Every structure is written in C-alpha cells, then in structure tokens.
Amino acid sequence: MKSAVTVSLVPETRGGPFVFTEGLAAGCAAAAALGFDAVEIFPPGAGAINRAELRGLLDRHGLKLAAMGTGAGWVVHGLNLTLPDPGRRAEARRFIREIIALAGDFGGSAIIGSMQGRWGGEVSRDQALGWLAEALVELGAEAARYGVPLLYEPLNRYETNLLHQLGDTTRWLERAGITNVKLLADLFHMNIEEPDLARAVREAGPAIGHVHFADSNRRAMGFGHTGIAPVVTALREIGYTGYLSAEVLPWPDAMAAARQTITAFRQATGLG
Ligand code: LER
Ligand code: MN
C-alpha cells in the first residue's frame, strides 16, 4: 500500500476535506517533505493544470499522481451526471473526460464522487441510476485508453441518495455491465454507512481501486474513533496495493493533519 495526500486547487473547497490548499507547488513540496508517495489533486478543471509544471513538480519531488477529483464540475459549475437536462449531463461527461485524459497522462485515475448527483423531483431513482450507468460505461472506456480504471465513490446519505455501501455498489456495477470502474472506499463515508468496515472491504475485494484514508470525524486518521488495524488487515487480505489517500480536514492545520496521516499510515501498515 502507498500513501497519498490531497491538494485542492479550488478556492470554493476551503473548509472542506482537503489537506493542502496553498497551490500545487506548495502542496507537492509539503507532501514530499513528510514522505508521502503521492498527491491526489482536486483541480478546478483540466485546463487549469499546466502539464509541464505538474510533471516538473512530481519529478523533482519524487511523487506520483495518486488520483484526480472531478468534483469541481459540481462545486464550481453545478454540473453532474444525473441532471434532468441532457445538455448539462453531456457537459458533465465532457468535464470528466478531460480530467480522465489529464490524470491518465500521469498514470492516475479520475474520481467520480459528487459528480454522480442524486435522484429527486422529475428524476426517478431508476432514471438517475440509468444515466449514471451510461456515463460510467462511457467514462470507464475512456479511462481504459490510458491503462487506468475510473474510480466511483459511494457517498454517505447526506451527500447522495444513489448508492451508499460498497456491497450494493459492486452488485450494481456488475448488474449494469460496467467495466473498468473500481470502487473508491472512503473510510469516512463507510463509517456512516457500513455496519463493519473490515467486512465491507473483504466482501468488495478486488473491486476496490482506491481508499480515502479518513477517520470517523473526517479528521486525519488517529484523530477520531475508527479502528484502522482491522481495516488494514482486510486490505492486506484482499491483496490491495493501491493508495491510502488522506482526504481529511486540515485540522488543527494542514501540516499537523498531514503529519498525523503519515504517522498513522506507517503505524497501520508498517510501510513508508
Ligand atoms: C465527497 O464527500 C468525497 O468524499 C469526495 O471524495 C468526492 O469527490
Ligand atoms: Mn472521498
């Protein structure tokens, strides 16, 4: 397993669960200084990232790109994959495709979290899940062109009403015939939705492609009450070799949250 930490470049996410928010250069420097393997970047859009600058920063600091979030499509532009307007859904897919291409050039996966949207009003649950499935088929195929999976993240009940648990999501992906899409297991959402985190990990097995490493209160691991040892044991049992990526509140401040994360990562995994 490998360690990663989030860097958000979107001013609207201040106050949200992103560790570093002072720019790409500062975020990469801090991540490398603390010994992280990788950064997970939350960009305002694909066009906001200068590829040469990102390449230079990753190379200079010996970092990898763990993944890239697409949520700015929702937070900044109000787009998502289950909006009733077909034009807006198409815009949402275009926004995500561009991030898949950008992240893919760096060997990283794009994340569909808040871009999944929700059902309600004129949109039934079946209709929303149908549109989401269509989008994941198309975007999963796009990610395959870069040799990476697309990551789909079940969120807790306060953020979506579509899919909340790893098990339900795995079964839905299978039923819908969606390929090259892996689960993002966010331990914060799972703490709300899963009866047993380790069991959920074991049951999802190879379907898991990425982990958001957050404690019960969305602070750095160790600052809440999640028992991480059984979760890491379960991840080992399923042969997980991906990232434990800190998508956590910068509490009490960004450096302290990052330092606590890497300490907890080392204690829990014996790695790094
Ligand atoms: C949102 O709560 C979340 O967990 C993010 O990873 C989604 O983009
Ligand atoms: Mn997450």
Side-chain angles (χ1 to χ4, degrees), residues 3-21 38-46 65-82 92-93 95-96 98-100 102-103 108-118 132 135-136 139 143 149-166 169 181-194 197 200-201 204 207-221 224 226 228 231 235 242-251 257 261:
S3 59
V5 62
T6 44
V7 180
S8 173
L9 307 175
V10 178
E12 288 87 341
T13 65
R14 271 176 204 266
F18 299 99
V19 175
F20 294 122
T21 55
V39 285
E40 177 177 319
I41 299 174
F42 194 86
L65 175 71
M68 222 177 247
T70 63
W74 169 245
V75 177
V76 181
H77 305 287
L79 296 170
N80 72 53
L81 297 170
T82 52
R93 290 199 301 275
F95 185 90
I96 294 166
E98 289 176 7
I99 293 183
I100 290 172
L102 171 63
S109 286
I111 297 169
I112 311 287
S114 50
M115 285 296 272
Q116 66 195 269
R118 48 169 57 231
L132 182 61
L136 293 184
L139 298 169
L150 178 70
L151 299 169
Y152 172 67
E153 179 173 21
L155 303 176
N156 75 66
R157 65 193 68 183
Y158 306 108
E159 296 186 35
T160 187
N161 52 15
L162 292 173
L163 291 153
H164 303 301
Q165 294 187 332
L166 301 189
T169 309
V181 175
K182 294 222 175 209
L183 297 183
L184 196 174
D186 182 321
L187 301 179
F188 164 72
H189 297 305
M190 290 172 66
N191 171 65
I192 296 170
E193 297 296 343
E194 304 282 357
L197 304 196
V201 164
I208 297 178
H210 195 67
V211 173
H212 276 161
F213 191 59
D215 213 321
S216 52
N217 49 9
R218 222 169 200 182
R219 290 178 178 171
M221 189 56 73
T226 292
I228 190 59
V231 178
L235 287 166
Y243 289 100
L244 300 186
S245 184
E247 185 189 62
V248 300
L249 297 164
W251 183 91
T261 292

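Only a predicted model underlies this, so the values are computations on that prediction, with no experimental measurement involved. Whatever order the structure lists ligands and atoms in, that order sets their numbers, starting from 1.
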Sub-4.0 Å heavy-atom approach of [X] to ligand 1:
{"X": "G71", "value": "no"}
{"X": "M115", "value": "no"}
{"X": "D186", "value": "yes"}
{"X": "E40", "value": "no"}

Backbone N/O of [Y] and side chain of [X]: donor-acceptor pair under 3.5 Å:
{"X": "N80", "Y": "T82", "answer": "yes"}
{"X": "Q116", "Y": "E153", "answer": "yes"}
{"X": "H164", "Y": "L155", "answer": "yes"}
{"X": "R218", "Y": "F188", "answer": "no"}

side-chain contact (heavy atoms from CB on, under 4.5 Å) partner of F213, chosen from V248, L187, V231: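 The side-chain contact (heavy atoms from CB on, under 4.5 Å) with F213 is passed solely by L187 among V248, L187, V231.
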
Is R218 touching ligand 1 with its side chain, its backbone, both, or neither, if touching means heavy atoms under 4.0 Å apart?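 Contact part for R218 vs ligand 1: side chain (C-beta onward).
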
About how many Å separate CG of L150 and OG1 of T70, when rounded to the nearest 0.5 Å?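 Reported to 0.5 Å precision, the distance equals 8.0 Å.
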
Nearest 0.5 Å please: distance from the CD atom of E193 over to the CG atom of N156.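 So the gap between those two atoms works out to 6.0 Å.
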
For a side-chain contact (heavy atoms from CB on, under 4.5 Å) check, start with the C-alpha distance between F18 and E247, then their side-chain angles and the critical distance, and finish with the verdict. CA-CA 5 Å; F18 299 99; E247 185 189 62; 4.1 Å; yes

Specify the protein heavy atom at minimum distance from atom 7 (C) of ligand 1: its residue, its atom name, and the distance to 0.1 Å.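 Protein heavy atom with the smallest distance to atom 7 (C) of ligand 1: E153 OE1, 3.1 Å.
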
Atom 1 (C) of ligand 1 - nearest protein heavy atom and its distance: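 Its nearest protein heavy-atom neighbour is E159 OE1, 3.2 Å.
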
By number and element, which atoms of ligand 1 are closer than 4.0 Å to a non-hydrogen atom of G113?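 Atoms satisfying the 4.0 Å criterion: 7 (C), 8 (O).
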
Hey, which protein N/O/S atoms does the Mn ion (ligand 2) have under 2.8 Å?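 Hits for the Mn ion (ligand 2) below 2.8 Å: E153 OE2, D186 OD2, H212 ND1, E247 OE1.
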
